[in-house]
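Worksheet: one structure, shown below.
Nothing here was measured: the structure is a model prediction, and the numbers come from that model. What you see below is based on every heavy atom in this structure, not just the backbone, and it leaves out hydrogens, waters and symmetry mates.
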Amino acid sequence: MKELNINGAVMKCYPLCAAQKLHNYTIRFCPAQVLCIGTGLYIKEDVDFGILKRAIYKAYEMFETMRLRFIEDENGEVLQYIVPFEERDIPLCDFSDRKEEDAHNEMRKWTALPFARYNSPMNQVIMIKLPDGYNGIYMKVDHMTMDSSSIIGFMKIVLEIYCSMRYGTDMPDNASSSYIKQLEKDLEYETGSKARQRDEEFWLNEIKRDEPMYTDFSGQGRLLTQRRENNNPNQRWAMVISNSPEASISVYSLEREASVRLMKFCEKHGVSMANLLLMGMRTVLSKFNDDEKDVSVKICISRRGTLLAKNAGGTRVHFFPLRTVMQPEMTFLDGIRMIQTEQNKIFRHANYDPIEFMAKRREIFPSQAGASYESISLTYQPLTLQKNKYEMPDNPYKSMWYTNGVAGQPLYLTVMHRPEDNGLNFSFEYRKDVVTEHEMEYFYYYLCRVLFRGIEDENRTIGEILEMI
């Protein structure tokens, strides 16, 4: 930590944590808007916008990362600090006399506008009136300050404060832990702690086992082509080359009844939805790559295992590969349990810097810069605004995630529950010059086939499922 004079005030400034460094690294190769996350929460309610504005300002006080700023020091190092209060206006935008999709398109445009990087607010909140009686807020944040867990946490705090101010419900207590306290813990870990040494030893052992095999979401063509081009028939990595970061999102909605069947299977067998989805994805990748047994998928780890981490806001997401080698004789359920075991191991060592992991893997298994063994990433987001003592009863609501128009990864699948019926939405964010909508639709189709062939008979083997689909 160092103290710097910023606009006449002495501020405590801290280094970036590992998760932030990953995002800061990303914008060296992508437009800055790649870090913009746009969201919306709209409730069918005659909202009092004066009270809502007061609730948002109150939430700013309670949620430190909404007041997070960045600065570049004289050595070019990016540091971060918290300003004590916010005085920015929170405007109201009325779309009630327009088509709803026009309103959402306008907000997508807002999401594609990057923030100034230094000594400037890294979020924007706008109150919104939509058609058909839906009202609420649009929020854009910079990913270096918040991730999806933080965003949902802030939205919940705003809603709870609003209900307290308007309906007399309890004001949220201890809504947000100190971001700085959690950051200090992260920085302590990164500066030679024994915990970090243990994690590094774990990841080095994992890397040294043997080299993974690349499996592509579109089949073997990419790997086989690059093997010929590099005159290396044994090449196991691949470049998912993209000349443009331009991206879009395609959403596929699984019916409520089908979603419930998946959830009941997870409950019956004591497995998580994330593990079930990963089993489905790795089976599809196996199918598309000549029944390959060695399959890796990049997973998102939120790292919010403590109460402080859960409530501190900020961005804490780390990405690591989840690799499994499964024989065709293994049952579908045993495959899920293998994934669960592997994921639990990763969770215990997930504080390690993903950039360092990638660098060490490339040292041991040399490859071209930007090469990978994983073609697709997964985030399962179970958090929804479930009704609790703070919330308005029986009020339907809509939540939206808006594309910023670019992407840092070729293909990124996010699975979330719809607020209206708790069914599953599969959102594929993809780079347009690498992935086609047809390839995503094809992948989603086979993913559903695998999942439902698996859950209808958990003792069905992987080999049987591969033959059936």
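Looking at Glu200 and Lys360, a side-chain N of the basic residue comes within less than 4.0 Å of a carboxylate O on the acidic one, giving a salt bridge. Here Asp199 does not pair with Arg348 in a salt bridge; the nearest charged N to carboxylate O distance is not below 4.0 Å. A salt bridge does not link Lys264 to Glu456: none of the charged nitrogens lies less than 4.0 Å from a carboxylate oxygen. In this structure, Glu467 does not pair ionically with Lys287, as no charged nitrogen and carboxylate oxygen lie closer than 4.0 Å. Between Glu188 and Arg196 no salt bridge is recorded (no basic side-chain N to carboxylate O distance below 4.0 Å). Classification of Arg316 and Asp186 as a salt-bridged pair holds, one side-chain N sitting under 4.0 Å from a carboxylate O.
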Name the atoms and distances for all side-chain donor-acceptor pairs under 3.5 Å in residues 15-22, with sequence neighbours left out.
residue : atom : partner : partner atom : Å
Gln20   : OE1  : Cys17   : N            : 3.0
Gln20   : OE1  : Gln80   : NE2          : 2.7
Gln20   : NE2  : Gln80   : OE1          : 2.9
Gln20   : NE2  : Met144  : O            : 3.0
Gln20   : NE2  : Tyr179  : OH           : 3.1

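Taking the six-membered ring for Trp, Phe357 and Phe320 have ring centres closer than 6.0 Å. Between Tyr189 and Tyr352, the ring centre distance reaches or exceeds 6.0 Å. Residues Trp237 and Phe365 place their aromatic rings such that the two centres sit no closer than 6.0 Å. Ring to ring, His318 and Phe347 are not that close: their centroids are 6.0 angstrom or more apart. With ring centers used as reference points, Phe70 lies 6.0 Å or more from Tyr118.
Between the side chains of Asp433 and Ser244, no donor-acceptor pair of N or O atoms lies under 3.5 Å. Using a 3.5 Å distance cut-off with no hydrogens or angles, the side chains of Ser372 and Glu374 do pair a donor with an acceptor. Side-chain atoms of Asp216 and Tyr214 include a donor-acceptor pair closer than 3.5 Å. No side-chain N or O of Asn105 forms a donor-acceptor pair with one of Tyr402 less than 3.5 Å apart. Tyr430 and Glu439 are not linked by any side-chain donor-acceptor pair at a separation below 3.5 angstrom, with hydrogens and angles left out of the test. Donor-acceptor pairing under 3.5 Å is lacking for the side chains of Arg227 and Asn232. Between the side chains of Asn289 and Gln220, no donor-acceptor pair of N or O atoms lies under 3.5 Å. For Asn344 and Thr341, the side-chain atoms include no donor-acceptor pair closer than 3.5 Å. Arg108 and Thr403 are not linked by any side-chain donor-acceptor pair at a separation below 3.5 angstrom, with hydrogens and angles left out of the test. A side-chain donor-acceptor contact under 3.5 Å links Ser377 and Gln409. Side chain to side chain, Arg303 and Asn351 meet the donor-acceptor criterion of an N or O pair below 3.5 Å.
Environment of CZ in Arg256: sparse, with no more than 12 heavy atoms of neighbouring residues, nucleotides or ligands closer than 6.0 Å.
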Would Arg117 and Leu35 satisfy side-chain contact (heavy atoms from CB on, under 4.5 Å), going step by step from the backbone distance to the final call? CA-CA 11 Å; Arg117 296 251 34 104; Leu35 297 185; 4.0 Å; yes
Any chance you could lay out the salt bridge (charged side-chain N to carboxylate O under 4.0 Å, His left out) test for Lys432 and Glu437, step after step, and finish with the verdict? CA-CA 9 Å; Lys432 292 182 177 180; Glu437 286 193 56; over 6 Å; no
Between Arg67 and Glu64, does the salt bridge (charged side-chain N to carboxylate O under 4.0 Å, His left out) criterion hold? Intermediate values first, please. CA-CA 5 Å; Arg67 295 179 275 116; Glu64 284 185 347; 5.1 Å; no
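A parallel orientation is assigned to the rings of Tyr444 and Tyr252, their planes being inclined by less than 30° (bins at 30° and 60°). Note: His104 and Tyr42 have tilted aromatic rings, judged against thresholds of 30 and 60 degrees for the angle between ring planes.
A cation-pi contact, defined as under 6.0 Å to the ring centre and within 45° of the axis, is absent between Lys2 and Tyr14.
Each ring pair (Phe, Tyr, Trp, His ring centres under 6.0 Å) pair with one or both residues in residues 269-316, not counting sequence neighbours, appears once here: Phe265-His269, Phe288-Tyr442, Phe288-Tyr446. Residue pairs meeting the salt bridge (Lys or Arg N to Asp or Glu O under 4.0 Å) criterion with at least one member in residues 146-155, sequence neighbours excluded: Asp147-Arg304.
For the pair Leu466/Ile462, a side-chain contact is recorded, criterion being any heavy-atom separation below 4.5 Å from C-beta on.
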